[in-house]
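Worksheet for the structure shown next.
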Amino acid sequence: MSIEVNHLSFTYSPGTPFAKKALDDVSFRVAEGETLGIIGSTGSGKSTLVQHLNGLLRLTSGSIRIYDIDLASKKPDLKRLRSTVGMLFQYPEYQLFEETVLKDVAFGPLNFGYAKEDAYELAAEAIRLVGLDLDAVKDKSPFELSGGEKRRAAIAGVLASKPRILVLDEPTAGLDPVGKREILNLVAELKTSFVKTVLMISHNMDEIAEHCSRVLILSGGRLIADGKPEDLFRNEEFFAGTGLRLPHTALIRNMLADRGIHLDGNTLSADALSKAILNVLGGKK
Amino acid sequence: MNRDITFGQYYPGDSFVHKMDPRMKLILVLVFITAVFLVKSLYSYIAIALFVIVAIWGSHVPAKSVLKSAKGILVVLILTASLNIFFYSGGERVLWHWWKISISVEGLFFALGMALRLIFLVLGSTLLTLTTTPMNLTDGMESLMKPLKAIRFPVHDVAIIMSIALRFIPILIEEVDKIMLAQKARGADFESGGLIKRARALLPVLIPLFVSAFRRADELALALDARCYNATPNRTKYKVLRFGWRDAAGGIVSVFLIGLIIAINYSFWGLFGITWTV
């Protein structure tokens, strides 16, 4: 198991009039190799949950185990935890600060105790990995990059410490459709070669449907569903109650079913859906 | 993270003091500060203390909240008091003497008086910000500074700059929290090491903060332009400030207070028969 979360609850500002219960008895396990999507409306506790995985919020009740690191212990090794779990926040380009892109990307590894040469080597590797031209950008100021390049540089800054688990909080927010696709393809690519496990928060159901092998749904701090997207997205009634909408592919499938055309198998990705529709059309001819 | 910045924060309420015109409150605070510096004798200290207590009572702000915001000056208070105690010169009833340092009864009283003055000053001015929204405060200042327009002082611009600055403090605090989280996730450590190491560790927070402050400033300027904002002299206000009976009452009280203190200080020695002065 790469992640084990048991009975996790969390309240902001406990004991004051501003107290707000953000997580309520959440338990789940993630095996190495999974791509987990976390969805839920605003204020459902998604960000609070993932901040726990990185030790950014102190565990107050329940337990979390990440590989062999026990977060419920008195003094968990936060440095090792944070180099194991790479965390990419929303709009990560706003965290860039160094004089050059290379130095900025090396910030993580240097903090985690790598020697200077090793840190710069890791940084160079991460910059290449995210698809930036190393020689062109490494001595540039990060503020000279374009929006999409900045986001890639920030992702490189997280990848440089070679995390085994990558947590992404709305990685495509604020990007144009092409930029979104590029970032998601990058994540899929990383998943096959570089990081073992990916957790992704998103408001975009289409992204989740297409890229995740498993989905957690949070509502009001509680985990209300945990399963494969092709199973979860089939249950229209359940979704109506969550304030979330189904991915477009599932909507099209349901609309076709209403008109008497039933598609077989998993049709959540756009490719699979179009193939299934073509099959039906071909069959009729 | 830094949510407990209470100094001068607005405490919502519906009291006599809350409802007063911000212009009157500003004038009152100025009068109050002058009065605090005129204070000399025990009776005038009592008069000031009574005034502060009545004002706090009239604001319905819990005394605890007012005192909490005054806690910030504790260090300054201790520092000035101890300097005054040790370096007061000219005291006659000397209690303790070493080299050039001596403690005298007069010195002790002087230090006590100074400390009380500081406390009154802070209490009085925090009461203003506790009971007045930043918007009202800047409106009041703008209105009071109107005469300066005669010498081409850009009163309205100064006022809008001030209200924008106040409005952006909570936004920037939130931004600091976010950036700190992101850098912590990359292994940044803000909690260990000496003073210099900690100051250096803040660099990865300060640079993105400045960049984003400039970005926000640009965006805000564009948004203002897009709505054809300009500081023309004939701008009207949504909420017009009105001088009411509460303000008249406040004005009378303040005139009475300062008159009383001057009277106690200079004219009525015989009447009160005070010999204990500071």
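The sequence lines fix the lettering, A, B, ..., with proteins before strands; numbering per chain opens at 1. Quantities reported herein were computed from a predicted structural model and do not represent experimental measurements.
If you take CG on B:L181 and CG on A:D169, they are separated by 10.5 Å, rounding to the nearest 0.5 Å. Atom CD1 of residue B:I179 and atom CZ of residue A:F97 lie 11.5 Å apart, to the nearest 0.5 angstrom. Taking CZ of B:R186 as the reference point, atom CG of A:D104 lies at 4.5 Å (rounded to 0.5 Å). Atoms NZ and CG, from A:K79 and B:D189 in turn, are 5.0 Å apart once rounded to the nearest 0.5 Å.
Only the side chain of A:Q51 comes within contact range of chain B, with at least one heavy atom under 4.5 Å from a heavy atom of that chain. In this structure, chain B has a heavy atom under 4.5 Å from the side chain of A:F89, while its backbone stays farther away. Neither the backbone nor the side chain of A:Y91 has a heavy atom closer than 4.5 Å to any heavy atom of chain B. At a 4.5 Å heavy-atom cutoff, the contact between A:F112 and chain B is made by side-chain atoms alone.
Checked by atom type and distance alone, the side chain of B:Q183 pairs as donor or acceptor with a backbone atom of A:Q95 at under 3.5 Å.
Heavy-atom pairs under 4.5 Å with chain A were tallied for B:P208, B:P204, B:A188; the largest tally goes to B:P204. Chain B forms more heavy-atom pairs under 4.5 Å with one residue of A:S161, A:A160, A:G157 than with any other, namely A:G157.
Here the side chains of B:I207 and A:F143 are in contact, with some heavy-atom distance below 4.5 Å. Counting heavy atoms from C-beta on, the side chains of B:K178 and A:Y94 never come closer than 4.5 Å.
A:Y12 OH: more than 12 foreign heavy atoms inside a 6.0 Å radius. More than 12 heavy-atom neighbours from other residues, nucleotides or ligands sit within 6.0 angstrom of CZ on B:R215. Other residues, nucleotides and ligands contribute over 12 non-hydrogen atoms within 6.0 Å of the CD atom of A:E32. More than 12 heavy-atom neighbours from other residues, nucleotides or ligands sit within 6.0 angstrom of CE on B:M162.
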